[in-house]
Amino acid sequence: CPTVFFSREDLRSKEARRKRLGIPSAAFVVSTFGCATRSKGMDACILAVDLLRSWNIPAELYFVGNVGPEAGEMNRISNLYGVSEHVHSVAQLENGAVYRDFLIASDAAVQLRTYDFGAPSTVLSDCISAGLPCVATIDMAISCDAPAYTLAVPNHFSHLHVAEQLAIIWESRTGRLVCEDLRAAYLQKHNFEYYSRRLAEILGVA
């Protein structure tokens with residue numbers, strides 16, 4: 001179940017959110033949420049930006065969350081591949097307003113795991129709630145019962161897998177509300193009221 005919800009009016013405020021965050025309106029904004037670590041695909045995301053920009057896609061990568069001890073490694077890899085000016089960190093995931101702003105302001109999200117315990121991802125479900133196209137590892141997408149605007153990559157992904165799926169999102173961009181029917185259908189069955197009702201029915205106490 002998502003932890004944040006959005007109205008149609010919220011999803012129409014993309015440009016205003018970008019202005020508030022200081023994000024260029026012409027950029028292809030790719031955000032990844034949570035702690036930045038190698039186990040969550042930090043390296044692959046950075047290298048994917050290098051590939052995307054070599055394909056003339058104006059990608060800007062935002063790590064929204066705690067970079068912590070990985071900051072040095074993030075900077076090293078970004079500098080090594082010449083994309084440091086296109087890789088940004090925003091250590092304000094605990095700020096609900098900033099989190100919501102990035103979910104609306106972004107063109108795509110990337111949520112990866114190099115491990116899997118079958119657990120769903122709260123952030124991926126929030127991306128789905130925002131109608132935000134997302135690239136996610138296949139087991140994570142399955143665990144969240146993700147709709148079609150979540151594009152899957154293998155659990156043993158590479159930066160090429162990530163870049164290719166992001167390129168598909170870039171090429172097919174037509175506005176957030178194109179996914180509205182899929183988003184509405186997802187939210188109709190992924191909320192605590194629905195879960196409670198179904199549990200009562202299964203237990204025979206409805």
Quiz item: Could you go step by step and tell me if Glu193 and Arg198 meet the salt bridge (charged side-chain N to carboxylate O under 4.0 Å, His left out) rule?
Solution: CA-CA 9 Å; Glu193 181 180 355; Arg198 285 292 296 127; over 6 Å; no
Practice problem: Please test Arg183 against Leu11 for side-chain contact (heavy atoms from CB on, under 4.5 Å), starting from the C-alpha separation and ending with a verdict. | Solution: CA-CA 12 Å; Arg183 186 180 81 95; Leu11 302 185; 3.6 Å; yes
Exercise. Fit a plane to each ring of Tyr186 and His190, take the angle between them on a 0 to 90° scale, and name the class: parallel (under 30°), tilted (30 to 60°) or perpendicular (over 60°).
Key: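 If you compare the ring of Tyr186 with that of His190, the planes turn out parallel.
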Quiz item: Under 30°, 30 to 60°, or over 60°: which ring-plane class applies to His88 and Tyr62, parallel, tilted or perpendicular?
Solution: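 Geometry flag for Tyr62 against His88: parallel rings.
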Tell me whether [Y] is reachable from [X] by hopping between hydrophobic residues (I, L, V, M, F, W, Y) whose side-chain heavy atoms are closer than 4.5 Å.
| X | Y | result |
| --- | --- | --- |
| Leu160 | Val83 | yes |
| Val49 | Val153 | yes |
| Leu182 | Leu103 | no |
| Leu151 | Trp55 | yes |
| Leu61 | Leu51 | yes |

Exercise. Identify which one of Leu47, Asp43, Ile46, Leu52 satisfies the side-chain contact (heavy atoms from CB on, under 4.5 Å) criterion when paired with His159.
Key: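 Running side-chain contact (heavy atoms from CB on, under 4.5 Å) over Leu47, Asp43, Ile46, Leu52 with His159 returns exactly one hit, Leu47.
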[atom1] of [X] to [atom2] of [Y]: how many Å apart, nearest 0.5 Å?
| X | Y | atom1 | atom2 | answer |
| --- | --- | --- | --- | --- |
| Asp50 | Leu80 | CG | CG | 9.5 Å |
| Arg197 | Glu201 | CZ | CD | 6.5 Å |
| Thr137 | Gln111 | OG1 | CD | 9.0 Å |
| Tyr195 | Cys1 | OH | SG | 5.0 Å |
| Met42 | Glu70 | CE | CD | 4.5 Å |
| Phe6 | Arg100 | CZ | CZ | 4.5 Å |

When you measure from the side chain of [X] to the backbone N and O of [Y], does any donor-acceptor pair fall under 3.5 Å?
| X | Y | result |
| --- | --- | --- |
| Glu60 | Val30 | no |
| Thr150 | Ala146 | no |
| Ser7 | Asp10 | yes |
| Asp145 | Ile142 | no |
| Thr114 | Ser39 | yes |

Exercise. Considering non-hydrogen atoms only, spot the tightest contact between Val29 and Ala105 and give its length.
Key: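 Between these two residues, the closest heavy atoms are CB-O, 4.3 Å.
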Quiz item: Leu166 and Ala108: which non-hydrogen atoms are nearest, and at how many Å?
Solution: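 Scanning both residues completely, I find the closest heavy atoms to be CD2-CB, 3.8 Å.
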Quiz item: For Glu73, what residues pass the side-chain hydrogen bond (donor to acceptor under 3.5 Å, both in side chains) criterion, not counting sequence neighbours?
Solution: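 Result, side-chain hydrogen bond (donor to acceptor under 3.5 Å, both in side chains) vs Glu73: Arg38, Arg76.
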Quiz prompt | Test side-chain contact (heavy atoms from CB on, under 4.5 Å) applied to Phe28 and Ile169, step by step | solution = CA-CA 10 Å; Phe28 177 52; Ile169 294 172; 4.3 Å; yes
Practice problem: Would you sort out whether Phe157 and His161 count as a ring pair (Phe, Tyr, Trp, His ring centres under 6.0 Å), showing the intermediate values? | Solution: CA-CA 6 Å; Phe157 55 84; His161 290 129; 7.9 Å; no
Quiz prompt | Beyond-backbone contact of Tyr81 with Ser78, side-chain heavy atoms, under 4.5 angstrom | solution =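 Result no, sub-4.5 Å side-chain heavy-atom pair not found.
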Quiz item: Around Gln188, counting heavy atoms of other residues, nucleotides and ligands shown, do more than 12 lie under 6.0 Å from its CD?
Solution: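 It does not: Gln188 CD has 12 such atoms or fewer within range.
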Quiz item: Hey, is CD1 on Ile57 packed in by over 12 heavy atoms from elsewhere, all under 6.0 Å?
Solution: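 Yes - once you tally the heavy atoms of other residues, nucleotides and ligands closer than 6.0 Å, there are more than 12.
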Without placing hydrogens or testing angles, list every side-chain donor-acceptor pair under 3.5 Å for residues 119-133, not counting sequence neighbours.
from   : atom 1 : to     : atom 2 : distance (Å)
Ser121 : OG     : Val123 : N      : 3.4
Ser121 : OG     : Leu124 : N      : 3.0
Ser125 : OG     : Thr122 : O      : 2.6
Asp126 : OD1    : Thr3   : N      : 2.6
Asp126 : OD1    : Thr3   : OG1    : 3.1
Asp126 : OD1    : Val4   : N      : 3.4
Asp126 : OD2    : Thr3   : OG1    : 2.7
Asp126 : OD2    : Tyr99  : OH     : 2.7
Ser129 : OG     : Val4   : O      : 2.7

Practice problem: Go through the steps for Ser31 and Ser106 under the test side-chain hydrogen bond (donor to acceptor under 3.5 Å, both in side chains), then give the verdict. | Solution: CA-CA 6 Å; Ser31 295; Ser106 300; 2.7 Å; yes
Self-check item: Stepwise side-chain contact (heavy atoms from CB on, under 4.5 Å) check, Val64 with Thr32
Solution: CA-CA 6 Å; Val64 185; Thr32 182; over 6 Å; no
Practice problem: Output, in order, the C-alpha distance, side-chain angles, deciding distance and verdict of salt bridge (charged side-chain N to carboxylate O under 4.0 Å, His left out) for Arg18 and Asp107. | Solution: CA-CA 11 Å; Arg18 285 193 173 202; Asp107 295 299; 2.4 Å; yes
Exercise. Measure from NZ or CZ of Arg17 to the centre of the six-membered ring of Phe102, then state whether that distance is under 6.0 Å and the direction lies within 45° of the axis.
Key: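 So Arg17 doesn't make the cation-pi contact.
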